[in-house]
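When a residue number appears, it is its place in the shown sequence, counting from 1.
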Amino acid sequence: MGIQPRFKVMYLEEASIFLQSLPVKARAKLQYNIVKAQFENDPELFKKLTDDIWEFRTLYNGIAYRLFAFWDKQTGAMVVATHGLIKKTQKTPHNEIRHAESIMKAYYEQKDK
């Protein structure tokens, strides 16, 4: 039996749509980095932004891709990807973090039904 990943990743609809919208090579690089982050603790790949929100980080051909996520605290070993963006500024836009938080809130409300 091989090494187990530190966590699993579940992609919500908006995250899946973002990934599908990317050029094939950029999407492949982002997916490669997500798998890599599952096995090693590297803030260049998976970084905590707030108490609840994290981001998968990929730089490909000079373009910064971000996929926002949160830990499903009920499972402890699953990261839920909410949505993504192509980063155009140095700082992560606060409205994107708030958007990830609202998706997280909706996720838990739906899950608790």
Side-chain angles (χ1 to χ4, degrees):
M1 190 155 113
I3 298 171
Q4 295 295 311
R6 297 179 309 131
F7 54 85
K8 292 182 174 156
V9 179
M10 181 173 97
Y11 300 90
L12 297 180
E13 183 180 15
E14 206 171 324
S16 295
I17 291 168
F18 171 72
L19 286 170
Q20 292 303 313
S21 75
L22 298 178
V24 173
K25 289 184 177 183
R27 180 172 59 238
K29 176 73 185 253
L30 185 55
Q31 290 171 321
Y32 170 82
N33 282 349
I34 290 169
V35 170
K36 198 172 171 187
Q38 289 175 280
F39 290 93
E40 61 185 67
N41 187 7
D42 182 350
E44 290 299 312
L45 298 175
F46 189 51
K47 181 179 176 184
K48 187 174 187 173
L49 296 176
T50 69
D51 286 344
D52 294 318
I53 304 302
W54 293 65
E55 67 179 358
F56 288 104
R57 305 158 51 93
T58 295
L59 187 63
Y60 179 73
N61 275 355
I63 300 171
Y65 297 93
R66 298 294 186 262
L67 189 65
F68 295 91
F70 62 90
W71 288 87
D72 182 331
K73 292 182 174 89
Q74 295 168 341
T75 67
M78 184 166 65
V79 170
V80 181
T82 60
H83 72 292
L85 66 93
I86 295 173
K87 199 166 170 197
K88 295 184 175 18
T89 61
Q90 192 67 25
K91 288 187 83 60
T92 301
H94 288 291
N95 63 327
E96 296 295 342
I97 294 170
R98 283 194 301 277
H99 184 53
E101 290 169 340
S102 70
I103 293 171
M104 178 181 70
K105 185 176 181 248
Y107 169 84
Y108 282 119
E109 285 170 359
Q110 183 65 34
K111 192 173 182 183
D112 292 340
K113 283 186 179 176

Problem set entry | From CA spacing to verdict: side-chain contact (heavy atoms from CB on, under 4.5 Å), Asp52, Lys73 | CA-CA 10 Å; Asp52 294 318; Lys73 292 182 174 89; 2.7 Å; yes
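- The hydrophobic cluster containing Phe68 also contains Phe70, counting ILVMFWY residues as joined when their side-chain heavy atoms lie under 4.5 angstrom apart, directly or transitively.
- Atom CZ of Arg57 is separated from atom CG of Leu59 by 9.5 Å, given to the nearest 0.5 angstrom.
- Of all non-hydrogen atoms in Ala81 and Ala69, the two that sit nearest each other are CA-CB, 3.9 Å.
- Listed for the Lys29 side chain is no donor-acceptor partner under 3.5 Å among the backbone atoms of Tyr32.
- Partner of His83 under the side-chain hydrogen bond (donor to acceptor under 3.5 Å, both in side chains) criterion, chosen from Glu13, Glu96, Glu14: Glu96.
- Shown here is Lys47, whose NZ atom has no more than 12 heavy atoms of other residues, nucleotides or ligands within 6.0 Å.
- Here CD of Gln4 is found 7.5 Å from CZ of Phe39. Values are rounded to the nearest 0.5 Å.
- Under the 4.5 Å side-chain contact rule for hydrophobic residues, Phe7 and Leu30 share a cluster.
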Exercise. Can Ile63 and Tyr65 be said to form a side-chain contact (heavy atoms from CB on, under 4.5 Å), step by step?
Worked result: CA-CA 6 Å; Ile63 300 171; Tyr65 297 93; 3.6 Å; yes
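- Between Asp72 and Lys111, some side-chain heavy-atom pair lies under the 4.5 Å cut-off.
- A single hydrophobic cluster is seen to contain both Phe18 and Tyr11, as judged by linkage of ILVMFWY side chains at heavy-atom distances under 4.5 Å, directly or through other members.
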Problem set entry | Asp42 and Lys36: CA distance, side-chain angles, deciding distance, side-chain contact (heavy atoms from CB on, under 4.5 Å) verdict | CA-CA 9 Å; Asp42 182 350; Lys36 198 172 171 187; 5.6 Å; no
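- Thr58 OG1 to Gln31 CD: the interatomic distance, rounded to the nearest 0.5 Å, is 10.0 Å.
- Hydrophobic clustering keeps Trp71 apart from Met10 (ILVMFWY residues linked when any side-chain heavy atoms are closer than 4.5 Å, directly or through intermediates).
- By the neighbour-count criterion of 12 heavy atoms within 6.0 Å, atom CD of Glu40 is densely surrounded, having more than that number from other residues, nucleotides or ligands.
- Distance check: Arg66 CZ to Thr92 OG1 gives 6.5 Å after rounding to the nearest 0.5 Å.
- Atom CG of residue Asn33 and atom CZ of residue Phe46 lie 12.5 Å apart, to the nearest 0.5 angstrom.
- Between Glu101 atom CD and Arg98 atom CZ the span is 8.5 Å, to the nearest 0.5 Å.
- Nearest approach of Lys8 to Gln38, heavy atoms of both residues: CA-NE2, 3.8 Å.
- Cluster membership check: Leu22 shares its hydrophobic cluster with Ile34, using side-chain heavy-atom separations under 4.5 Å among Ile, Leu, Val, Met, Phe, Trp and Tyr.
- Contact between Trp54 and Lys48 at its shortest, heavy atoms only, is CE3-N, 3.4 Å.
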